[in-house]
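Since the structure comes first, as structure tokens, the remarks are kept for the end.
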Amino acid sequence: MSENRTSRREYLTVVGSTAVTLSVAGCMGGGGGGGDENEVVAGTAPGFPPFEMKQEGELVGFDIDLLEAVVDETDYTLTGWKEFEFKSLIPALTNDNIDVVAAGMTINDERDQTIDFTDPYYSSNQAIVVRAEGDFSPGSLSDLSGRTVGAQKGTTGESVVQEQLIDGGSLSADNYNSYGNYVLAVEDLQNGNIDAVVIDQPVAETFAAQRPVAIAFTYETGENFGFGVREDDDEFTQALNSGLAAVRDGSTYQDLTNEWFGQQ
């Protein structure tokens, strides 16, 4: 990651609805306390490696570097980041606390009723993760029946559990554990408190490389990630799309993909 991007980062850590202010940055359109109309603040949800995570207290990841590179291609200036639980990101955006969401957020019809998205920047499926040395080796969603399953609140993984398993009658709601982030879910898996976690495939691959967990199988969802923006910020959305196209046309997108996901 480039030194100039890191040096520009200012942090606001948000836990639930209570903010611990470490630095103050203004959002465009009056969000976050005013400031130049071309200054923007981004929101994310650490605990989703390699897209966004904390390393030695620093916010890092593919989404972090990519958004900064995209904004660098526009007339806007990214002045800071705010951290939330994933489920709080859309309310923070619509309430003008942030101007853009960079958090591995899947573009879907439900979210599109409340916010807009940029063009997609990454495609993914869902992976079912189990303990690497455990005796549970599911090969399909039906094999999760009667087991204890975890996912992060507000994610596609949670939707898969709810719609395919609980609503389908193969999993009791009592056997589902939801978490504020996937780090907590995977830790519970490692400790034997749950039997499986449903999680985005690239994130699952990162956990499998770093922890004693393994991908049992992949459930195809064909989802696309996009940066979340407010519905009335058309000019900003168009600028981000142009910036994303410029990053893709050059070497930056591939360089960041190689850095955070390995050679593709």
Side-chain angles (χ1 to χ4, degrees), residues 14-16 44-55 61-63 83-91 101 103-108 110-111 122-223 225 261:
V14 180
V15 181
T44 192
F48 198 59
F51 289 92
E52 39 270 336
M53 52 196 167
K54 299 298 280 289
Q55 289 183 347
F62 178 74
D63 278 342
E83 298 171 26
F84 299 82
E85 286 194 351
F86 187 83
K87 67 177 182 178
S88 300
L89 285 167
I90 289 179
V101 173
M105 183 171 282
T106 299
I107 301 169
N108 61 34
E110 180 181 358
R111 291 172 181 148
Y122 199 89
S123 298
S124 178
N125 291 304
Q126 292 295 301
I128 284 66
V129 177
V130 297
R131 287 182 293 280
E133 302 299 327
D135 57 4
F136 181 47
S137 300
S140 66
L141 289 181
S142 61
D143 293 336
L144 299 177
S145 178
R147 297 286 183 160
T148 304
V149 182
Q152 180 174 301
K153 297 175 184 176
T155 63
T156 302
E158 182 172 67
S159 296
V160 169
V161 174
Q162 182 65 54
E163 296 170 9
Q164 300 299 321
L165 297 175
I166 297 175
D167 292 349
S170 62
L171 186 75
S172 167
D174 292 338
N175 281 8
Y176 171 59
N177 288 8
S178 62
Y179 299 86
N181 64 65
Y182 270 118
V183 172
L184 298 177
V186 172
E187 287 176 349
D188 243 10
L189 175 65
Q190 290 178 233
N191 293 332
N193 297 321
I194 57 177
D195 298 309
V197 174
V198 184
I199 188 173
D200 292 88
Q201 184 175 352
V203 183
E205 291 170 350
T206 298
F207 279 123
Q210 299 174 351
R211 295 170 180 255
V213 298
I215 296 175
F217 67 94
T218 300
Y219 179 73
E220 293 190 8
T221 53
E223 61 206 272
F225 296 168
F261 301 99

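- Distance alone, capped at 3.5 Å, is enough to place a donor-acceptor pair between the Asn181 side chain and the Val183 backbone.
- For the pair Arg131 and Phe136, the cation-pi test (distance below 6.0 Å, angle within 45°) is failed.
- Atom NZ of Lys87 and atom CG of Leu89 lie 11.5 Å apart (nearest 0.5 Å).
- What you find for Ala196 and Ile128 is that their closest heavy atoms are CB-CG2, 4.1 Å.
- Met53 and Pro49 get closest at one heavy-atom pair: SD-CB, 3.3 Å.
- Residues Ile215 and Glu205 form a side-chain contact, since some pair of their non-hydrogen atoms from C-beta on lies under 4.5 Å apart.
- Residues Phe225 and Phe51 place their aromatic rings such that the two centres sit under 6.0 Å apart.
- Atom CD of Glu110 is separated from atom OG of Ser159 by 7.0 Å, given to the nearest 0.5 angstrom.
- Smallest separation of non-hydrogen atoms from Ala204 and Ile199: CB-CG2, 3.5 Å.
- Distance check, rounded to the nearest 0.5 Å: OG of Ser142 to CD of Gln164 gives 11.5 Å.
- Between Val186 and Tyr179 the shortest side-chain heavy-atom distance does not fall below 4.5 Å.
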For this session: Might you work through the ring pair (Phe, Tyr, Trp, His ring centres under 6.0 Å) test for Phe207 and Tyr182, ending with a clear yes or no?
Result: CA-CA 10 Å; Phe207 279 123; Tyr182 270 118; 7.3 Å; no
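- Between Glu158 atom CD and Ile166 atom CD1 the span is 8.0 Å, to the nearest 0.5 Å.
- Side-chain atoms of Asp143 come within 3.5 Å of backbone atoms of Gly139 as a donor-acceptor pair (strictly under, hydrogens ignored).
- Side-chain contact between Val130 and Ser137 is absent, with no heavy atoms from C-beta onward closer than 4.5 Å.
- The main-chain N or O of Leu184 is never found under 3.5 Å from a side-chain atom of Asp188 such that the two would form a donor-acceptor pair.
- At a cut-off of 3.5 Å, with distance as the only test, no side-chain donor of Gln126 or Glu220 sits close to an acceptor on the other residue.
- Residue Gln201 holds its CD atom at 11.0 Å from OG of Ser123, rounded to the nearest 0.5 Å.
- The backbone N or O of Thr221 sits less than 3.5 Å from a side-chain atom of Asn125, completing a donor-acceptor pair.
- Remark: the backbone N or O of Pro202 is paired with a side-chain donor or acceptor of Thr206 at under 3.5 angstrom.
- Between the side chain of Ser178 and the main chain of Gln152, no donor-acceptor pair closer than 3.5 Å is present.
- Residues Leu189 and Val213 are in side-chain contact: their nearest non-hydrogen atoms beyond the backbone lie under 4.5 Å apart.
- Note that the CZ atom of Arg111 and the CD1 atom of Ile90 stand 5.5 Å from one another [nearest 0.5 Å].
- Nearest heavy-atom pair across Leu144 and Leu171 is O-CD1, 3.6 Å.
- Proximity of a side-chain donor or acceptor of Asp195 to a complementary backbone N or O of Thr148 within less than 3.5 Å is detected.
- Residues Gln162 and Tyr176 fail the side-chain proximity criterion, which asks for heavy atoms closer than 4.5 Å.
- Counting only heavy atoms from C-beta outward, the side chains of Val198 and Leu141 never approach each other to under 4.5 Å.
- Not a single donor-acceptor pair under 3.5 Å links the side chain of Asn177 to the backbone N or O of Gly150.
- The nearest pair of heavy atoms linking Val197 to Ala185 is CG2-O, 3.8 Å.
- No donor-acceptor pair under 3.5 Å is formed between the side chain of Asp200 and the backbone N or O of Val203.
- Closest non-hydrogen pair, Gly157 versus Ala151, comes out as C-CB, 3.8 Å.
- Close placement of the Phe261 and Tyr122 rings is indicated, their centers lying within 6.0 Å of each other.
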